[in-house]
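Hydrogens, waters and symmetry mates play no part in the numbers below; they use all other heavy atoms, side chains included.
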Amino acid sequence: MRISELPSGLQRAKALCGFMLILTWTGLAESRVNRDFAALKADAQKSFQDGVTPFVKTYCIGCHGQDRQKGGINFQPALSNAGDATIAKRWKQAAANVKAHDMPPANAKKQPTDSERQAFLNGIAQIKFLSQKDPGLFVIRRLTKVEYGNTLHDLFGVDPTIARELPDEVIGEGYLNTLSPLQSEQYLSIANEVLDRILPRGGATPSSAQRRWLGSVPRSGADLRVAARTVAGSLARKAYRRPPAEAELDVLLGVFDLGRTNGLPYYEALRLMAKAVLVSPQFLFITPQGEGQPVGGIVRLDDHQLASRLSYLLWSTMPDAELSGLADRGKLHDPAVLRSQVKRLLKDPRSRALFDGFGAQWLGLASLESKTFDAAKFPQMNAEMRWAMYEEARLFFDSIVRENRSVVRFVDSDYTFLNGTLAPIYGLENTVTGSRMRRVKLTDPNRGGVLGMPGVLATTSLPNRTSPVKRGVWVLEQVLGEKVPPPPPNVPALEKQDQKTVAQLTLRQRTELHRTDAVCANCHKILDPIGFGLENFDAIGRWRDRDDTGGAIEAAGELPGGKRFSAPKDLKTLIAARSDDLARNLTEKFLAYALCRQLEGYDEVVVDHLMETLAKDGYRLQTLITEIATSYPFTHRRVQDSIASTLHEK
């Protein structure tokens with residue numbers, strides 16, 4: 001017998017039992033998670049007390065304490081509040097310095113043993129469990145130039161390049177929250193241009209766009225303010241990407257009244273109101289809407305916030321009708337609905353914005369267009385070549401997303417995308433011709449993946465030569481997610497070496513000479529092998545067997561841990577084998593980009609949980625994106641008041 005065939009009383013009883021069972025299971029699962037986290041927190045406290053505190057007091061506090069704060073660093077407060085998210089970055093930098101044997105400095109009287117260093121590093125790695133469960137603040141940020149142009153296109157059908165005069169953004173974690181007077185003037189100018197294109201002026205016959213946005217002229221005797229408020233509500237709902245508050249409509253109606261008071265006809269007063277919408281913070285910024293009902297200082301994002309956060313993450317534009325409709329009906333917080341929307345958005349062509357916003361920033365290709373190259377040595381680096389290099393990376397990134405491949409394929413792959421401009425860099429000028437980019441099977445095992453990609457190799461080079469150090473840092477930080485300590489001050493570049501002494505030396509020999517300086521040796525013994533493993537690729541990514549001095553390329557090297565390689569293909573294999581590190585690095589970087597802020601504190605615990613899920617699915621990229629878009633910090637936020645109360649308690 002089916003439930004629907006049971007008497008109504010039994011149906012209700014059975015449904016209630018099922019509901020209670022779900023609550024019980026959920027409660028048990030949450031209780032288990034809380035117990036597990038409590039145990040991890042206890043272990044972290046012991047590890048910090050046993051491994052970090054004595055290390056800092058013995059080897060660090062003399063230079064970085066209350067009495068002496070060399071470099072402006074004081075570890076004393078950090079010892080008493082290790083889990084404070086505001087000092088997480090300092091702990092990470094300290095760990096990187098200790099791991100590289102940069103700290104304590106070589107001239108220090110006391111030096112830790114290897115076991116002391118490891119105990120310190122183990123303790124730092126567990127500090128994340130000392131943090132409170134916290135999704136972080138919702139970062140109020142301005143639309144980027146690309147997002148702004150795309151949003152104007154989706155709203156009014158204008159070309160996105162209408163925003164071309166806006167300044168480019170400074171690359172960071174993906175957020176901007178300032179607005180200069182110059183930018184305010186630019187936004188006002190662009191708003192005028194948009195309205196000029198869609199709304200005729202001077203008593204002309206209303207266009208279809210004008211009727212669509214501003215409605216028809218009210219009948220004679222009708223209340224124009226009532227009609228204007230209706231227009232304001234419709235316009236603001238679309239432009240603000242959520243239902244407007246009554247107070248917001250009052251402001252817009254005040255602008256309409258101002259126009260009418262100054263003698264403007266009805267449509268011209270509406271035009272002034274529309275301009276106010278286009279230069280309003282509600283349009284130019286992505287903001288939270290109200291505080292909701294916080295629990296422990298935490299509130300769930302409302303559906304409209306979540307819709308905007310998702311669409312700007314994956315499309316770099318406003319939510320479409322389907323996503324907005326789900327938000328209006330309060331359906332987006334249903335996990336199944338949210339996951340299906342992530343999948344739908346990724347299938348849409350607009351998801352190419354994911355590379356332009358995140359992928360190019362991750363790979364460092366955002367600077368390729370403006371990077372300087374020696375025109376005499378590399379005349380190939382014209383606008384067409386730079387475009388092809390960027391497009392190769394974009395299409396490759398897009399293929400991994402759409403085909404839901406493992407993130408390991410970013411490093412170890414056997415295909416790429418080429419056209420006649422880029423093919424000669426690969427030595428395939430006789431195989432690939434024409435301007436159209438197409439997928440090409442690669443037979444050279446040294447190629448394939450981002451390590452052998454010309455755009456990446458070019459951006460990690462100097463204007464006139466390769467840079468093994470820059471390439472080594474790029475692989476460690478951008479691919480493997482390791483923290484590389486900054487170079488010590490006043491270290492001279494290779495070009496400052498005595499030119500007579502190094503005239504007959506290869507670049508590798510000159511760099512190894514540089515490593516004889518004890519200040520430089522610790523970091524370079526990690527960076528240089530990776531960089532030299534890619535030396536067969538010149539400054540724009542062409543294969544070579546000899547460097548600029550005519551000396552033979554020596555690409556062999558050894559990674560920390562004793563893993564040896566003799567060519568780029570071997571290095572690629574070794575790095576691809578570190579699938580956990582590759583996946584964690586990409587997860588951390590994409591989560592930071594999605595949240596528009598640096599990761600801190602509890603975020604690392606979230607990443608641990610994400611990694612468990614990703615590992616079960618082979619680290620597939622769509623899974624990574626979906627899990628982040630449905631994660632706790634992406635769907636929740638800390639309210640402002642909780643910060644003040646926390647600071648007050650401290």
Side-chain angles (χ1 to χ4, degrees), residues 40-131 469 472-473 476-477 480-491 514-529 558-562 581 588 598-601 603-605 650:
L40 290 170
K41 186 172 184 177
D43 289 343
Q45 288 171 332
K46 185 176 187 307
S47 181
F48 188 86
Q49 292 169 359
D50 294 347
V52 178
T53 299
F55 188 98
V56 171
K57 288 183 175 179
T58 303
Y59 302 109
C60 309
I61 213 75
C63 294
H64 305 293
Q66 290 291 118
D67 298 330
R68 187 182 180 195
Q69 299 181 18
K70 193 173 182 180
I73 298 174
N74 178 9
F75 280 111
Q76 196 68 52
L79 289 178
S80 58
N81 196 12
D84 189 339
T86 61
I87 58 174
K89 189 174 182 180
R90 181 169 296 173
W91 283 127
K92 287 186 177 182
Q93 187 63 62
N97 287 329
V98 170
K99 183 178 181 180
H101 287 243
D102 283 349
M103 288 292 167
N107 59 359
K109 293 181 180 179
K110 294 182 179 179
Q111 289 293 330
T113 64
D114 288 345
S115 61
E116 286 178 310
R117 285 186 189 273
Q118 193 58 51
F120 174 82
L121 295 174
N122 291 344
I124 296 298
Q126 295 184 62
I127 282 179
K128 59 192 174 187
F129 297 117
L130 301 180
S131 303
V469 173
V473 169
L476 285 170
E477 292 192 335
L480 295 174
E482 296 191 10
K483 183 71 176 177
V484 178
N490 304 318
V491 175
H514 183 71
R515 282 173 56 182
T516 59
D517 186 336
V519 177
C520 307
N522 287 329
C523 278
H524 279 278
K525 68 183 180 184
I526 300 172
L527 303 175
D528 293 352
E558 182 176 324
L559 297 179
D581 294 329
E588 290 177 342
Q598 294 182 349
L599 301 188
E600 56 187 24
D603 295 327
E604 293 191 43
V605 179
K650 291 179 180 178

Min side-chain heavy-atom separation [X]-[Y] under 4.5 Å:
X	Y	answer
H101	R117	yes
L599	E604	no
K70	R68	yes

Smallest separation among heavy atoms of [X] and [Y], with atom names:
X	Y	value
D50	K46	OD2-NZ, 2.6 Å
G601	S131	CA-OG, 3.2 Å
V473	V484	CG2-CG1, 4.3 Å

D581: partners by salt bridge (charged side-chain N to carboxylate O under 4.0 Å, His left out), with sequence neighbours left out: R578
Excluding sequence neighbours, so at least two apart, what forms salt bridge (charged side-chain N to carboxylate O under 4.0 Å, His left out) with K57? none
Considering the options H64, R90, Q66, which one meets the side-chain hydrogen bond (donor to acceptor under 3.5 Å, both in side chains) requirement together with N74?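 With N74 as partner, H64, R90, Q66 yield a single side-chain hydrogen bond (donor to acceptor under 3.5 Å, both in side chains), made by Q66.
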Any donor-acceptor pair under 3.5 Å from N97 side chain to A94 backbone: no
For the pair Q126 (side chain) and L121 (backbone), establish whether a donor and an acceptor sit closer than 3.5 Å, ignoring hydrogens and angles. no
Of N122, I127, D43, the residue whose pairing with F48 passes side-chain contact (heavy atoms from CB on, under 4.5 Å): I127
By ring-ring contact (aromatic ring centres under 6.0 Å, His included) - contacts of F55 (at least two apart): Y59, F120
K483 NZ to E477 CD distance, which is reported to the nearest 0.5 Å: 6.5 Å
Atom OG1 of T58 and atom CD of Q111: how far apart are they, to the nearest 0.5 Å? 12.5 Å
